[in-house]
S.K.: 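Handing you a structure now.
When a residue number appears, it is its place in the shown sequence, counting from 1.
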Amino acid sequence: MFTILHISDLHRSPTDPIENSTLLGSLLSDMDRYRTESSPIPAPDAAIVSGDVIQGVTLNFPGYADELTRQYEAAHNFLVSLADRVFGGDRSKVVIVPGNHDVCWNTAKSAMQARIEETPSRVSARSFSSDTSLRWDWETRQIFEISNKDRRIQKRSATPWISMNKGGVLRVVDQQLAVHSQR
């Protein structure tokens, strides 16, 4: 039997009231208990970490880049500890799928400008596909257009796909498959 540990919405941040060691300790305690129940669940063969790995920051957050770095460091520390304790240090067994909190919205928004014309009452979903320059903002109910292609590429870099290699490096992989180390 192949078992998967699924963890969602970690929201790691150095200011989180639940420290990494407490969170990991609770998880390990639950896993120990599962092995002793009448229908035991074996140790996982892999872990899927989905949803929001970090807490993220709001638009116009002062010092957002430094804060995101601190949050990814907290997430990195938790994920390395998880791989060490659950998989004997094999970080390739931890698969991470980021969520909306893992996007740097400050970078994304700086690549767009609001369209001046009146927003139409009906818009096709195809108008906002990934291969167009249009984006919808639910908060303001406006259509935005990506006006700075260079910033758009940076935005992709700020939308990470994260994995951990066997050497323990948390790799942030953008949609163009460029790899950045995050420590």
Side-chain angles (χ1 to χ4, degrees), residues 4-31 44 46-87 89 91-112 114 128 130 135-142 144 146 148 151-165 167-183:
I4 295 174
L5 170 65
H6 180 208
I7 304 171
S8 181
D9 296 281
L10 286 172
H11 291 273
R12 295 292 72 209
S13 169
T15 60
D16 194 306
I18 302 173
E19 295 179 353
N20 283 347
S21 59
T22 302
L23 182 62
L24 183 61
S26 178
L27 180 65
L28 294 172
S29 176
D30 285 347
M31 289 173 54
I48 305 292
V49 181
S50 65
D52 304 322
V53 177
I54 64 169
Q55 182 59 41
V57 297
T58 58
L59 280 173
N60 305 315
F61 186 91
Y64 67 86
D66 291 337
E67 178 58 23
L68 288 175
T69 297
R70 285 190 289 276
Q71 290 182 24
Y72 273 114
E73 286 172 358
H76 176 258
N77 293 338
F78 175 80
L79 295 168
V80 167
S81 295
L82 175 73
D84 287 349
R85 298 288 302 271
V86 177
F87 303 112
R91 285 139 175 85
S92 68
K93 293 189 175 194
V94 179
V95 178
I96 305 163
V97 180
N100 64 313
H101 284 238
D102 303 314
V103 174
C104 179
W105 294 109
N106 290 282
T107 303
K109 195 77 171 219
S110 71
M112 296 183 263
F128 304 105
S130 62
R135 299 295 178 265
W136 177 255
D137 183 348
W138 282 102
E139 185 177 338
T140 62
R141 300 194 184 278
Q142 286 182 294
F144 281 78
I146 299 169
N148 184 328
R151 292 293 290 167
R152 172 67 178 155
I153 291 169
Q154 288 178 358
K155 182 259 181 194
R156 286 185 172 174
S157 297
T159 309
W161 291 92
I162 308 167
S163 66
M164 289 177 27
N165 65 20
V169 176
L170 182 69
R171 296 182 316 146
V172 179
V173 184
D174 70 27
Q175 294 171 353
Q176 296 179 347
L177 302 180
V179 178
H180 313 279
S181 292
Q182 184 77 23
R183 282 265 181 204

S.K.: Can you name the closest pair of heavy atoms from M31 and L5 and give their distance?
M.R.: SD-CD2, 4.4 Å
S.K.: Please list, chain by chain and in numerical order, all residues satisfying side chain to side chain donor-acceptor pair (under 3.5 Å) with T15, sequence neighbours excluded.
M.R.: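 With sequence neighbours excluded, T15 shows a side chain to side chain donor-acceptor pair (under 3.5 Å) to S13, given in chain and number order.
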S.K.: Which residues pass the side chain to side chain contact (heavy atoms under 4.5 Å, CB included) test with T22, sequence neighbours left out?
M.R.: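 T22: side chain to side chain contact (heavy atoms under 4.5 Å, CB included) contacts with I18, E19.
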S.K.: Roughly how far, to the nearest 0.5 Å, is the CD1 atom of I54 from the CZ atom of R12?
M.R.: 11.5 Å
S.K.: Can any side-chain N or O of S110 pair as donor or acceptor with the backbone N or O of T107 at less than 3.5 Å?
M.R.: yes
S.K.: Kindly write out the residues that satisfy side chain to side chain contact (heavy atoms under 4.5 Å, CB included) with S81, not counting sequence neighbours, or none if the list is empty.
M.R.: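 Expected list: L24.
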S.K.: Can you sort out the partners of E67 under side chain to side chain donor-acceptor pair (under 3.5 Å), two or more places apart, ordered by chain and number?
M.R.: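 E67 satisfies side chain to side chain donor-acceptor pair (under 3.5 Å) with R70, Q71 only.
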S.K.: Hey, which of N20, V53, V49 is the one that makes side chain to side chain contact (heavy atoms under 4.5 Å, CB included) with F78?
M.R.: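 Testing each of N20, V53, V49 against F78, the sole residue satisfying side chain to side chain contact (heavy atoms under 4.5 Å, CB included) is N20.
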S.K.: Rounded to the nearest 0.5 Å, what separates atom OG in S21 from atom CG in N77?
M.R.: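 It is 11.0 Å, given to the nearest 0.5 Å.
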S.K.: Scan for salt bridge (Lys or Arg N to Asp or Glu O under 4.0 Å) pairs involving residues 75-85, sequence neighbours excluded, and state none if there are none.
M.R.: D84-R91
S.K.: What are the two closest heavy atoms between A74 and P14, and how far apart are they?
M.R.: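 That closest heavy-atom pairing would be CB-N, 4.0 Å.
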S.K.: Taking side chain as C-beta onward, heavy atoms only, is F87 less than 4.5 Å from P44?
M.R.: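 Side-chain contact under 4.5 Å: yes.
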S.K.: Which value, rounded to the nearest 0.5 Å, describes the distance between L10 atom CG and I96 atom CD1?
M.R.: 9.0 Å
S.K.: Out of curiosity, I146 CD1 to F144 CZ, how far, rounded to the nearest 0.5 Å?
M.R.: 11.5 Å
S.K.: Taking the side chain from T69 and the backbone from A65, do they hold a donor-acceptor pair closer than 3.5 Å?
M.R.: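 Yes, because the side chain of T69 sits within donor-acceptor range (under 3.5 Å) of the backbone of A65.
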S.K.: Using 0.5 Å steps for rounding, measure from the CH2 atom of W105 to the CG atom of N100.
M.R.: 6.5 Å
S.K.: By the salt bridge (Lys or Arg N to Asp or Glu O under 4.0 Å) test, which pairs, at least two apart or in different chains, include something from residues 50-61?
M.R.: none
S.K.: If you define the side chain from C-beta out and look only at heavy atoms, does anything of D102 sit under 4.5 Å from Y72?
M.R.: yes
S.K.: Do L68 and N106 make a side-chain contact, defined as non-hydrogen atoms from C-beta onward lying under 4.5 Å apart?
M.R.: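 Not touching, per the 4.5 Å side-chain cut-off.
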S.K.: Rounded to the nearest 0.5 Å, what separation is found between the NE2 atom of H101 and the OG1 atom of T58?
M.R.: 11.0 Å
S.K.: Does any non-hydrogen side-chain atom of V80 lie less than 4.5 Å from one of V94?
M.R.: no
S.K.: Can you find a heavy atom in the side chain of D16 that is under 4.5 Å from one in the side chain of Q55?
M.R.: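 D16 vs Q55: side chains apart.
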